[in-house]
Amino acid sequence: MSHKSAKDFFRPLAVGAPQPLREIPARPSRAIHFFDPSNEKMAAKIPAMVGTVDVLLGNLEDAVKADNKVAAREGLVRIAQDTDFGPTQLWTRINALDSPWVLDDLTTLVPAIGEKLDVIMVPKVQGAEDIHYVDRILAQLEAKAGITRPILVHAILETARGVANVEEICGASPRMQGLSLGPADLAADRKMKTTRVGGGHPGYLVREDAPRDADGGYLYDADRFRFQQDLWHYTMAKMVDACATHGVYPYWGPFGDIKDTVACEDQFRNAFLLGCVGAWSLHPVQIEIANRVFSPSVEDIAHARRVVAAMGDGTGAVMIDGKMEDDASLKQCLVLVELAEELAAIDPVLKATYDAIETPEA
Ligand SMILES: CC(=O)SCCNC(=O)CCNC(=O)[C@H](O)C(C)(C)COP(=O)(O)OP(=O)(O)OC[C@H]1O[C@@H](n2cnc3c(N)ncnc32)[C@H](O)[C@@H]1OP(=O)(O)O
Ligand SMILES: CC(=O)C(=O)O
Ligand SMILES: [Mg+2]
C-alpha cells in the first residue's frame, strides 16, 4: 500500500506539477506497437501507422542495442515532434531504473515531448518504491517544463518480486495507468526452464490416466492424450485482480514467435477473456491480431444487447435461449457493450459493424 495518507494521494508531488487524475481514462489500447526509434527503416514507417493502431510505443530498453541508446532517445524525440498522432496514443518504454540511461531518458523526453507522451512504461518494477521514484521525478520535470496534464505510468511485471508486490505497485500512484506481463524477463528471474518470449511449452502438460489391461494392471506405455497447460495463467490472473482492485488496466505483453500467428492469437484471446484490455505488437503482423481479438465479437455484442434489453431495470431473472440471465450476467454483458462503444468511438469500421447488428426486441 501507499505510505501517503489518503488526503495527500492526489496532491501533486512538485510545486507547479499538473493535478493528478482521479480516474484513468479508458482509452482503447488493444495493440501497443513497439518500434525501435534508432532503426531508421522501422522509424520511417511510424507516421503512416498513425490511425492503424491504438498505441505507438518508442522502445528505448531491451531490444535496442547499447550502442544505439542515445540514437533511440533522440530518434523518438524527432518522431514525436514531427508527427501528428491524431487519435493514436504515444507511449515510450524507458530503460530500467538501475541502468546508466534512464535518467537521461526522463530528463530528455519530458521537456522535449512531454505534452505528446501519454504513458511512460517502466520495466522491471520491483515494488512501490520504484513507482514512487518515477512519480516524484516526473512531477519535478513536468513542473519545470510546464506540462499541463500528468504523464501516466505503466509498469512491466517481469520479476518475481514484482509479482509478489503487484498490488502495492498498482496502488503506488494516481499516475498508474496499467501493467503488462513480461514473460521473458519473468521466466529468467524465476529461473523457469523455458527459452521463449511468451507462449506455452510442450513439456508443461497433464497426461491422461493410463488405461488398464484385463487384469487391472496399468498400461503405462499406452498412447495417452496430453494436454498442454498454460504457464502464465497464475500470473495473469493475479495481475488482472490487482489491476481491477486499483482501477488500472492489465495487458498481455509480447509474443515472440512472430510467424506463429495462430498461437499468438490464442495467447491474446486468453488474455482478453481473462480481463486484459490489450497486448503488445512486436511486428506489424501482430497489430491486426490484437485489434481483432481485443474487440468484442459481433456474436457477443448481439447477445449482450439482447440481455440488456430483456433485463429492463437490471434486476430480476429472465430466460434467454434456455439460459438464466440476471443482474450479474447483465453486468458481464455491460462490460462488453461499454467496451464496444469505446472502440466504436475511435474505429469507424468497427462502429459500422456494431451499428449493423440488429437491435433486439425488449
Ligand atoms: C521481451 C521484450 O522486451 S519484447 C519488446 C522488445 N522487442 C521489440 O520491440 C522488437 C520489435 N520488433 C523487431 O525488432 C522486429 O520486428 C523483428 C527483429 C522481430 C523482426 O524484424 P525483421 O526481421 O526486419 O522482420 P520482417 O523482415 O518481417 O519485417 C518486415 C518489414 O516490417 C518492418 N518492421 C518490422 N518490425 C517492425 C515494427 N515493430 N514496427 C514497424 N515496422 C516493423 C521491417 O522494417 C520491414 O520493413 P521493409 O518491408 O521495408 O523491409
Ligand atoms: C515484456 C518484457 O520485457 C519481457 O517479457 O521481458
Ligand atoms: Mg523485459
Side-chain angles (χ1 to χ4, degrees), residues 29 31-66 68-69 71-73 75-76 79 83 85 88 90-99 101-102 119-126 130 154-163 166 169 178-192 194-201 231-232 235-236 239 250-261 264 267-268 271 276 278-291:
S29 42
I32 302 169
H33 182 73
F34 272 57
F35 66 94
D36 174 353
S38 73
N39 177 326
E40 283 178 19
K41 218 164 86 176
M42 214 186 265
K45 294 187 159 46
I46 298 309
M49 295 178 83
V50 168
T52 69
V53 60
D54 296 341
V55 178
L56 285 165
L57 180 146
N59 178 34
L60 307 183
E61 201 225 9
D62 293 357
V64 175
K65 284 184 86 61
N68 292 346
K69 293 290 184 184
R73 190 189 297 136
L76 177 57
I79 292 166
T83 308
F85 287 90
T88 300
L90 176 66
W91 295 20
T92 186
R93 176 168 80 168
I94 56 172
N95 284 288
L97 298 181
D98 62 355
S99 76
W101 305 293
V102 66
V119 175
I120 291 181
M121 187 181 271
V122 185
K124 301 176 177 70
V125 170
Q126 301 272 20
D130 289 340
H154 181 111
I156 310 180
L157 203 56
E158 53 181 348
T159 66
R161 192 154 88 78
V163 175
V166 62
I169 291 168
L179 288 187
S180 286
L181 200 160
D185 270 301
L186 181 56
D189 194 57
R190 284 174 167 165
K191 302 200 185 329
M192 290 167 65
T194 54
T195 57
R196 302 170 174 204
V197 177
H201 192 288
L231 285 165
W232 305 109
T235 315
M236 189 142 63
M239 175 180 77
Y251 299 77
W252 175 259
F255 189 82
D257 194 344
I258 308 289
K259 298 280 181 212
D260 194 349
T261 51
C264 176
Q267 180 92 76
F268 287 5
C276 292
W280 298 8
S281 142
L282 303 184
H283 186 281
V285 76
Q286 295 182 332
I287 295 174
E288 182 277 328
I289 301 172
N291 283 352

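Read the numbers this way: they start at 1 and go in the same order the structure lists the ligands and their atoms. Here the structure is a predicted model, which is why all the values come from computation and not from measurement.
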Quiz item: Going by the order shown, which atoms of ligand 1 are within less than 4.0 Å of some heavy atom of D62?
Solution: 6 (C)
Exercise. Between R93 and ligand 1, find which residue part has any heavy-atom pair under 4.0 Å and reply side chain, backbone, both or neither.
Key: side chain
Practice problem: Kindly give the heavy-atom pair with the smallest separation between L179 and H154, and that separation in Å. | Solution: C-NE2, 3.3 Å
Self-check item: Identified side-chain hydrogen bond (donor to acceptor under 3.5 Å, both in side chains) counterpart of Q126 within the set D98, T159, D189
Solution: T159
Quiz item: If you take all heavy atoms of N95 and L60, which pair is closest and at what distance?
Solution: OD1-O, 3.0 Å
Self-check item: Under 3.5 Å side-chain donor-acceptor pair for S180 and W252
Solution: no
Quiz item: How would you list, by chain and number, the residues with a heavy atom under 4.0 angstrom from ligand 2?
Solution: R93, E158, G182, P183, A184, D185, P254, W280
Exercise. Check H33 against ligand 1 and report side chain, backbone, both or neither, counting heavy atoms closer than 4.0 Å.
Key: side chain
Self-check item: Region of N59 that comes within reach of ligand 1 [heavy atoms, distance under 4.0 Å]
Solution: side chain
Quiz prompt | R190: salt bridge (Lys or Arg N to Asp or Glu O under 4.0 Å) partners, not counting sequence neighbours | solution = none
Practice problem: Using salt bridge (Lys or Arg N to Asp or Glu O under 4.0 Å) as the criterion, list what pairs up with D36, not counting sequence neighbours. | Solution: none
Quiz item: Counting only heavy atoms on the protein side, is anything nearer than 4.0 Å to atom 14 (O) of ligand 1?
Solution: yes
Practice problem: Sum up the protein N, O or S atoms located under 2.8 Å from the Mg ion (ligand 3). | Solution: 2
Quiz item: Is atom 42 (N) of ligand 1 less than 4.0 angstrom from at least one protein heavy atom?
Solution: yes
